[in-house]
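We number each residue from 1, following the sequence as shown.
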Amino acid sequence: MKALFISLLVLNLLSLSFSELCNPHDKKVLLQIKNHFGDPYLLASWLSDTDCCTSWNAVECDPTTNRIVSLRIFSGDLSGEIPAEVGDLPYLETLEFHKLTNITGPIPPSISNLIHLISLRLSRLNLTGPVPDSLSKLKNLRVLVLSFNSLSGSIPSSLALMPEIDILELDRNNLTGPIPESFGNFAGRVPGISLSHNQLSGKIPASLDNTDFRLIDFSRNKLEGDASMLFGPNKTSGSVDLSRNLLEFNLSKVVFPNTLTYLDVNHNKIFGSIPTQMTQLNYLSLNVSYNRLCGQIPQGGKLQTLDYTAYFHNRCLCGAPLASCK
């Protein structure tokens, strides 16, 4: 009987010691993050006497190691700066702060310590300051989304050094200066790239002739000069938006990839005529309005099925769906 009692006691003690999966270091860091934000209701489930792997919202543990691998906080009443402590979760693979407009201040440099990070989304916040050059240390990063903030300064050329980057979205900020020359030579895969709704200026680097972006959105900036290097018969771009810039090149001489299904170049200074090759493309969307194009819209393909607003306000463009050529 005594032996049975001791066995049960030992089993009970073992059960208590192994009942919590959450790593003590990770739990301490998460509670520091909660305290930094003033114990908000959004993080009410983060209690010191509960298991962060089984009871806390917004976090996820690795099923084998029980280390925190995901921290995703969005759509709630959270205010203040992103705390430096986020950089103290060494096995984090996903970090997301989204739709929290009272999150202010800079992107903390400590994020560059997260060497296992695969996805970083800091979007629809109110972040200020530069895009940190140190983000290039994140060699496993595939997704970088910093859109809908108030970030300023130039785009770090070092972002092209991230070998796994697949999605690069810096749109809707206050970024200035040119598109980095290095974006013509990404270290690994070439990402889909969105730099729209900024204050970027200067010419698009000629080095981008070497780069095959599947998606490009440079719209609503102050880019000028040639953009023809973004196209070519050997490229595989599906979507290109260059609208509302100061671009000036001859559209007649452009050869488009046959993969292109979306092209918007409205509100530029593009001249020449619409190339006949466009009749061979299966456009889902096309807009060449508010430019300096002339000549007849080629007959065939999808070109006549588009609304006239896709072509209007050009210098002397004519033919269906516009008025007949004289």
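Proximity of a side-chain donor or acceptor of Asn173 to a complementary backbone N or O of Leu175 within less than 3.5 Å is not detected. Thr211 places a side-chain N or O within donor-acceptor distance of the main-chain N or O of Gly184, the cut-off being under 3.5 Å. A donor-acceptor contact shorter than 3.5 Å links the side chain of Lys34 to the backbone of Trp46. Without hydrogens or angle criteria, Ser196 side chain to Ser219 main chain gives no donor-acceptor distance under 3.5 Å. No donor-acceptor pair closer than 3.5 Å links the side chain of Thr176 to the backbone N or O of Gln199.
Applying the ring-ring contact (aromatic ring centres under 6.0 Å, His included) test to pairs two or more places apart or on separate chains, those with a residue in residues 70-110 are Tyr91-His116.
For the residue pair Ser152 / Asn174, no side-chain donor-acceptor distance below 3.5 Å is found, with atom types taken as modelled.
For the atom pair CG of Asn245 and OG of Ser201, the computed distance is 10.5 Å after rounding to the nearest 0.5 Å. The line from CD1 of Ile82 to CG of Leu127 is 5.0 Å long, rounded to the nearest 0.5 Å. For the atom pair CG (Leu208) and CD1 (Ile179), the distance works out to 6.5 Å, reported to the nearest 0.5 Å.
For Phe312 and Tyr290, the distance between ring centers is under 6.0 angstrom. Proximity of the aromatic rings of Phe183 and Phe186 is defined here by a centroid distance below 6.0 angstrom, and this criterion is met.
Looking only at side-chain heavy atoms (C-beta outward), Leu200 and Leu195 come within less than 4.5 Å of each other. Here the side chains of Leu242 and Val240 are in contact, with some heavy-atom distance below 4.5 Å. At least one side-chain heavy atom of Leu117 sits under 4.5 Å from a side-chain heavy atom of Ile111.
In terms of heavy-atom proximity, Arg172 sits nearest to Asn198 at N-ND2, 3.9 Å. Of all non-hydrogen atoms in Trp56 and Leu47, the two that sit nearest each other are CZ2-O, 3.2 Å. Heavy atoms only, all atoms of each residue included: Pro205 and Met229 are closest at O-CG, 4.0 Å. Closest non-hydrogen pair, Leu317 versus Cys294, comes out as CD1-O, 3.6 Å. Taking both residues in full, the closest heavy atoms of Leu281 and Lys302 are given as O-CG, 4.0 Å, listed atom of the first, atom of the second, then distance. The nearest pair of heavy atoms linking Asn126 to Ser150 is OD1-OG, 3.4 Å.
Cysteine sulfur proximity is satisfied for Cys22 and Cys52, their SG distance being under 2.5 angstrom.
For the pair Arg124 and Phe148, the cation-pi test (distance below 6.0 Å, angle within 45°) is passed.
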**Report entry** Test side-chain hydrogen bond (donor to acceptor under 3.5 Å, both in side chains) applied to Asn266 and Ser289, step by step
**Finding:** CA-CA 5 Å; Asn266 79 78; Ser289 64; 4.8 Å; no
Query raised in the report: Given the rule in the side-chain hydrogen bond (donor to acceptor under 3.5 Å, both in side chains) test, do Ser123 and Ser147 qualify, once you have shown the distances and angles that lead to the verdict?
Result: CA-CA 5 Å; Ser123 56; Ser147 51; 4.9 Å; no
Requested in this report: Quick one: do Thr236 and Asp212 satisfy side-chain hydrogen bond (donor to acceptor under 3.5 Å, both in side chains)? Show the steps, please.
Outcome: CA-CA 6 Å; Thr236 59; Asp212 185 12; 2.8 Å; yes
Query raised in the report: Under the side chain to side chain contact (heavy atoms under 4.5 Å, CB included) criterion, do Gln304 and Gln299 qualify, and how do the steps go?
Result: CA-CA 7 Å; Gln304 276 65 52; Gln299 295 286 318; 3.8 Å; yes
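Using a cutoff of 4.0 Å between basic side-chain nitrogens and carboxylate oxygens, Arg72 and Glu60 are not scored as salt-bridged. Of the charged side-chain nitrogens involved, at least one lies within less than 4.0 Å of a carboxylate oxygen, so that Arg189 and Glu164 count as a salt-bridged pair. Using a cut-off of 4.0 Å between Lys/Arg side-chain N and Asp/Glu carboxylate O, Arg67 and Asp26 are scored as salt-bridged. Taking a cutoff of 4.0 Å between a charged side-chain nitrogen and a carboxylate oxygen, Arg220 and Asp241 do not qualify as a salt bridge.
Taking hydrophobic clusters as Ile, Leu, Val, Met, Phe, Trp and Tyr residues chained together by side-chain heavy-atom distances below 4.5 Å, Ile216 does not share a cluster with Val145.
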